[in-house]
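Beneath this line is the structure, given in structure tokens, with notes to follow.
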Amino acid sequence: MDNFSFYSPTKFVFGKDTENKCGELVKEFGGSKVLIHYGGGSVVRSGLLDRVKKSLSEAGVPFCELGGVTPNPRSGKVYEGIDLCRKENVDFILAVGGGSSIDSAKAIAMGLCYDGDFWDFYTGKARPKKAVPVGTVLTIAAAGSEGSGDSVITHENGNIKRGAGGDCLRPKFSVLNPGLTQTLPAYQTACGATDIMAHVFERYFTNTTDVQTTDRLCEAVLLSMIEETPKVIKDPNDYQARANIMWAGMVAHNNIVGVGREQDWNSHGIEHELSGLYDCAHGAGLAVIMPAWMTYVVDHNVMRFAQVACRVWNCKMDFSDPKKTALEGIAAFRSFLKSIGMPTNFAELGAKESDIPYLVKTFGLGETGKTGGFVKLTSKDVENIYRLAL
């Protein structure tokens, strides 16, 4: 296990009707003027937004609003939010929605504390060191942004999707009411579950040795997702299954299962080009890319793939041919994704083979660059993975 520092200061308020505590939570963390940042749709129709406003009003906390956040959140909304917050003297941002609203809120929060273009944080030109406090009311278990220091934004100029991160972006509090996810369509639920599992796999596939504790934590989260996801696909109102998935989503991405070990993140990077170009759901893109990536890199450490095949997918170890076991595990993962309604190839996703050169180019490695932790990939490797996903 490698040396590590782990800092996860978010206060989690979990359970039914917890959104009614937003006002007192904002005051607890020093907020005196709030921007409520949200997408729209169900947040408005369900009455959630009204309940959040009521809670703030009862606590004597003034607020302004900015809705309209879209899936794969856009830079234009971030710029709009920064301008509004400066005009209204906002000192706390409350994201109500899923990962898109939270990521957009984080981008606004660090942009408010920066004299330059917030996009500098997403291109690596600057590192976030300070941000206005953020709180969240989560409506979909998926991105894990409610517990992480990460944010992903798509810039409209070229549809370039990039991430930024820092501990200053970790939410001060996150309200997690599993009941708020019960109205989600099955497809969105499955996309979220896929994203959660991908967050675990990005950490599980590592070159770091002697990480038995975090291996077992990863495997536990994966087993929970395999057990609970079909339940909510069958019965969207299964509160207890929703509760387990919601907590798994947070655990999968606040990095408790990833400390002390090298991580990969190539599958996420490769997928970002797909959802940037096609505006597909991130989880759906991961369902296509991650099994292709696994198949492409399996020879790098066959025994790690065989281990997860046996421990998570209940495959029988073939000691005479461990790669056979490893591939059975990958096939089991792909079958699970298909069983919950996820796409498993380019055609089902709506992606085009003719766009692969563009996807590789925007990935940005050029002719000599390499990226990734578990396996260092070149542009040619990225192209090969896209083609395996056809």
Side-chain angles (χ1 to χ4, degrees), residues 8-69 73 77-114 118 128 130-140 145-149 151 167-183 246 250 254:
S8 183
T10 304
K11 179 175 183 176
F12 296 101
V13 183
F14 192 100
K16 296 178 180 179
D17 302 323
T18 44
E19 63 271 20
N20 297 323
K21 298 182 178 181
C22 284
E24 63 184 78
L25 287 166
V26 168
K27 290 184 73 173
E28 178 182 341
F29 288 97
S32 63
K33 179 66 179 289
V34 174
L35 171 69
I36 306 175
H37 197 40
Y38 59 96
S42 63
V43 170
V44 177
R45 291 192 303 271
S46 67
L48 172 60
L49 185 62
D50 287 338
R51 294 196 298 276
V52 170
K53 290 179 185 179
K54 180 181 179 182
S55 177
L56 291 170
S57 296
E58 290 177 346
V61 179
F63 58 85
C64 56
E65 303 175 42
L66 180 61
V69 180
K77 189 61 64 174
V78 176
Y79 290 121
E80 184 181 351
I82 292 170
D83 289 343
L84 177 60
C85 287
R86 286 177 174 159
K87 178 182 177 182
E88 296 287 338
N89 295 314
V90 164
D91 61 10
F92 197 100
I93 303 175
L94 181 61
V96 182
S100 295
S101 295
I102 300 171
D103 282 8
S104 186
K106 290 176 179 178
I108 295 169
M110 58 180 157
L112 279 171
C113 299
Y114 182 61
F118 90 91
K130 186 178 180 181
V132 168
V134 171
T136 86
V137 180
L138 188 65
T139 60
I140 178 171
S145 195
E146 69 277 6
S148 80
S151 168
D167 280 334
C168 65
L169 299 181
R170 289 183 182 269
K172 297 300 182 183
F173 70 82
S174 284
V175 170
L176 309 182
N177 176 0
L180 299 178
T181 70
Q182 290 176 286
T183 58
M246 180 168 267
M250 194 291 298
N254 83 332

task = Say whether, by atom type as modelled, one donor and one acceptor occur between the side chain of D91 and the main chain of K33 under 3.5 angstrom.
result = yes
query = With F29, which residues qualify under ring pair (Phe, Tyr, Trp, His ring centres under 6.0 Å), at least two apart?
reply = none
ask   = Of the non-hydrogen atoms in S55 and G23, which two are nearest, and what is the gap between them?
value = OG-N, 2.8 Å
N/O donor-acceptor pair under 3.5 Å between H37 side chain and A95 backbone = no
Return all side-chain donor-acceptor pairs below 3.5 angstrom for residues 38-50, not counting sequence neighbours, or 'none' if the list is empty.
residue, atom, partner, partner atom, Å
Y38, OH, E65, OE1, 3.1
S46, OG, S42, O, 2.6
S46, OG, L48, N, 3.3

query = Do V175 and L180 pass the side-chain contact (heavy atoms from CB on, under 4.5 Å) test, and can you show the C-alpha distance, the side-chain angles, and the key distance before you say yes or no?
reply = CA-CA 10 Å; V175 170; L180 299 178; 5.7 Å; no
inquiry  = Quick check: closest heavy atoms across S57 and F63, and the distance to 0.1 Å?
reply    = OG-CE2, 3.5 Å
ask   = Can you say whether the rings of F173 and F92 are parallel (under 30°), tilted (30 to 60°) or perpendicular (over 60°)?
value = parallel
request  = Output yes when E24 and K27 qualify as a salt bridge under the 4.0 Å nitrogen-oxygen rule, no when they do not.
outcome  = no
key: Rounded distance (nearest 0.5 Å) linking atom CD1 of I102 with atom CG of L169   = 12.5 Å
inquiry  = Counting C-beta onward and ignoring hydrogens, is there a side-chain heavy-atom pair between S174 and M250 closer than 4.5 Å?
reply    = no
ask   = Quick one: CD on E146 to CG on L138, what's the gap to the nearest 0.5 Å?
value = 4.5 Å
Closest contact, heavy atoms only, S8 versus G147 = OG-O, 4.5 Å
ask   = Looking only at atom types and distance, does a side-chain atom of T181 sit under 3.5 Å from a main-chain N or O of I140, one as donor and one as acceptor?
value = no
task = Any chance you could lay out the side-chain contact (heavy atoms from CB on, under 4.5 Å) test for S101 and V96, step after step, and finish with the verdict?
result = CA-CA 7 Å; S101 295; V96 182; over 6 Å; no
task = Give, for atom CG of L112 and atom NZ of K130, the distance between the pair rounded to the nearest 0.5 Å.
result = 11.0 Å
inquiry  = As an exercise, state the distance from CG of D167 to OG of S148, rounded to the nearest 0.5 Å.
reply    = 10.0 Å
ask   = About how many Å separate CG of D17 and CZ of R51, when rounded to the nearest 0.5 Å?
value = 7.5 Å
ask   = With a 4.5 Å limit on heavy-atom distance, are the side chains of L35 and V132 in contact?
value = no
ask   = For the residue pair V69 and K77, what are the closest heavy atoms and their distance?
value = CG2-CG, 4.2 Å
ask   = Can you name the closest pair of heavy atoms from K172 and P133 and give their distance?
value = CG-CB, 3.8 Å
request  = Any chance you could measure L84, atom CG, to C64, atom SG, to the nearest 0.5 Å?
outcome  = 4.5 Å
task = Starting from the C-alpha separation in whole Å, work towards a yes-or-no answer on side-chain contact (heavy atoms from CB on, under 4.5 Å) for N254 and T10.
result = CA-CA 10 Å; N254 83 332; T10 304; over 6 Å; no
key: K21, NZ: over 12 other non-hydrogen atoms inside 6.0 angstrom   = no
